[in-house]
Amino acid sequence: MSDIKDILEIERHQGQEINKESTVGPERKCRKILRSVKSLKKPEGMAREVYALLYNDKQNIPSLFPSDTGRCYKNNKANLGMKKVRAWKWMPFKNPARTDNAIFHHWQRECDEDKQYPFAQFNKKVQIPSYSDSEYACYLANDSWSRAETDHLFDLCNRFDLRFGVMADRWDLTKFNKRSIEDLKERYYEICSILAKIKTAEGLTAEMKNYVFDADHERKRKKQLAKLYNRTIEQVEEEQMLLSELRKIETRKKERDKKTLDLHKLINAADCQMVEIKRSGRIPKNKLAPSSRTRVGSVSSEMCIKFPDLKGSGVYLRSLRMKLPANIGQKKIKAIEQLLFEMNIDCNQMPTEEICQQFNELRCDLLLLHELRTALATCHFELQSLRHQYEANHPGKTLVIPSTLLANVSGPDVMMKEQFETGKIEIAQFSESFNDMTLL
């Protein structure tokens, strides 16, 4: 600004010159700013690595533009030692992997002049077995392979280190018939296994690995892979659709098997209930047969309800024995409460010893009745769906469902109806006994 004023011959007033204090401010303010910066703490929730990017260990403010001052992450000062630098030299070398004695040059330290070429350790050669004329005549002769073809095969194995793809490409077609990769592998591994058995039997070497190569399986595998690769887009989409349908069928089959198993359990429980009732005769209103009730309660509790068994040493409330376990589910609990409401039975009974036992058995029977009703509704729905499917697949025909399978019979047969009626009678007797006990 002062230079511009000098060029324009404008007088400069005192106190307008730019200096450190006019731009940065007094030194005290800078110190206050630095103190406030040093007093900053890592905010809560910020990772330590993120905070380290903002401030370094010296609590310096990060620069707004790249700098080479070395205050943050750069150190321009070189750490030079006092030793002499090792000399490098342009030296010739030979690669042991080559057999033409070719000489190459590279830079190398003078102290490493006599050392071997470092990449020579990666020069690994495959040990190809050899055979004599007598061994070939006695053990290795084959009608489909001549001696010249076998010698040519092993010569290619030595040249290309068992790279059978290259060997099949370099096969001499002017002298021999064309051989596939599987034919070359089969012949080579056959000879290797025979020579290994011979040398092991003679004691020349330790027991060697027996090589087995299934050429037919390899041909089938490649043929199948070629078919898989050459599929069209329509074939791929059809296969995916079939796989998805198969998964759906398996899922439906598992659900059907599970429903069938649950239905069999419910029918067996109802059969046991009916047999016990027939043995004990008609149950009186005031007193229940303990054997039949215990049997039914045990069957149903094994299926779904297991009331808490309080065997602790401390004191507990008897009402805890009437508490339904949480593994039943809210739907079943609501169903039991609805059935109790329909029979005018209070859900919260007086927890006496007799009421606890009989109320738990009553709820077991109610849950069994609910499960039977659910299974019955499921069977009825499946019958109706099967009827609709039959009518859709056979237009003009109607599937007549037998009367023994209809819903008004309350089950798949008359026996199921009797079991339902017996269960209803028994539950009615339970409700009457509960009402009598609550009145007492």
Go through K334 and Q338 one step at a time and tell me if the side chain to side chain contact (heavy atoms under 4.5 Å, CB included) criterion holds. CA-CA 6 Å; K334 293 293 183 182; Q338 181 64 27; over 6 Å; no

Any side-chain heavy-atom pair of I194 and E135 under 4.5 Å: no

Exercise: identify the closest heavy-atom pair between P92 and I103: CB-CG2, 3.8 Å

Residue pair N123 / A97: nearest heavy atoms and the distance that separates them: ND2-CA, 3.3 Å

Assess whether a salt bridge exists between D112 and K115, defined as any Lys/Arg side-chain N lying under 4.0 Å from an Asp/Glu carboxylate O. yes

Going through the distances and angles, do E218 and R221 end up as a salt bridge (charged side-chain N to carboxylate O under 4.0 Å, His left out)? CA-CA 5 Å; E218 188 69 13; R221 185 186 68 83; 2.5 Å; yes

Do R170 and M167 come close enough that some side-chain heavy atom pair is under 4.5 Å? no

So, R98 and N95: side-chain donor and acceptor under 3.5 Å apart, yes or no? no

d(C192 SG, I128 CD1) to nearest 0.5 Å is 7.0 Å

Checking side-chain polar atoms at under 3.5 Å, does D257 have a donor or acceptor matched by the opposite partner on T260? no

Please report the closest heavy-atom contact between N158 and K125, naming both atoms and the distance. O-NZ, 4.1 Å

F104, CZ atom: more than 12 neighbouring heavy atoms under 6.0 Å: yes

Assess the pair H152 and F176: is the distance between their ring centroids shorter than 6.0 Å? yes

Close side-chain approach of C379 to L263, heavy-atom, < 4.5 Å: yes

Electrostatic pair E149-R187, nearest N-O below 4.0 angstrom: no

Please confirm whether the backbone N or O of N177 pairs with a side-chain atom of W171, one donor and one acceptor, at under 3.5 Å? yes

Heavy-atom distance under 4.5 Å between the side chains of L156 and R159, does that happen here? yes

How far does CZ of R363 sit from CD of E337, to the nearest 0.5 angstrom? 9.5 Å

Rounded to the nearest 0.5 Å, what separates atom NZ in K227 from atom CD in Q235? 11.0 Å

I need the minimum non-hydrogen distance between K199 and S130, along with the two atoms involved. NZ-O, 4.3 Å

Apply side chain to side chain contact (heavy atoms under 4.5 Å, CB included) to the pair H106 and F93, showing each step before the final yes or no. CA-CA 8 Å; H106 65 171; F93 72 97; 3.4 Å; yes

Heavy-atom closest pair, residues I181 and A168: CG1-CB, 3.7 Å

Under the side chain to side chain contact (heavy atoms under 4.5 Å, CB included) rule, what do M91 and E113 come out as? Steps first, then yes or no, please. CA-CA 8 Å; M91 297 181 183; E113 183 176 1; 3.6 Å; yes

Surrounding NZ of K197 (heavy atoms of other residues, nucleotides or ligands, distance under 6.0 Å), is the total greater than 12? no

OG of S180 to CD of E186: how many Å apart, nearest 0.5 Å? 8.5 Å

Do the side chains of L340 and L362 get nearer than 4.5 Å, heavy atoms only? yes

Under 6.0 Å between ring centres: does that hold for Y131 and F154? yes

Between Y136 and D151, do the side chains contain an N or O donor and an N or O acceptor separated by less than 3.5 Å? no

Would you say L228 has more than 12 foreign heavy atoms packed within less than 6.0 Å of its CG? yes

Side chain to side chain contact (heavy atoms under 4.5 Å, CB included), that's the test. Do F359 and T352 meet it? Break it down for me. CA-CA 10 Å; F359 188 62; T352 62; over 6 Å; no

Looking at E239 and R231, is any side-chain nitrogen of the basic one under 4.0 Å from a carboxylate oxygen of the acidic one? yes

Between K332 and E371, does at least one N-O distance fall below 4.0 Å, as a salt bridge requires? yes

For residues Y188 and L162, determine if any side-chain heavy atom of one lies less than 4.5 Å from a side-chain heavy atom of the other. yes

Crowding at CD, Q121 (>12 non-hydrogen neighbours, <6.0 Å): yes

Quick check for you: to the nearest 0.5 Å, what is the distance between L369 atom CG and I336 atom CD1? 10.5 Å

State whether D216 and R219 are salt-bridged, where the test is any N-O pair (Lys NZ or Arg NE/NH1/NH2 against Asp/Glu carboxylate O) under 4.0 Å. yes

Which class fits the ring pair F164 and Y189: parallel under 30°, tilted 30 to 60°, perpendicular over 60°? tilted

Taking H264's backbone N and O only, do any of them form a donor-acceptor pair with N268's side chain (distance below 3.5 Å, no angle check)? yes

With the threshold set at 4.0 Å, does a side-chain nitrogen-carboxylate oxygen contact exist between D133 and R147? yes

So how far is it from Q127 CD to D161 CG, rounded to the nearest 0.5 Å? 10.0 Å

Salt-bridged, E255 to R252, with N to O below 4.0 Å? no

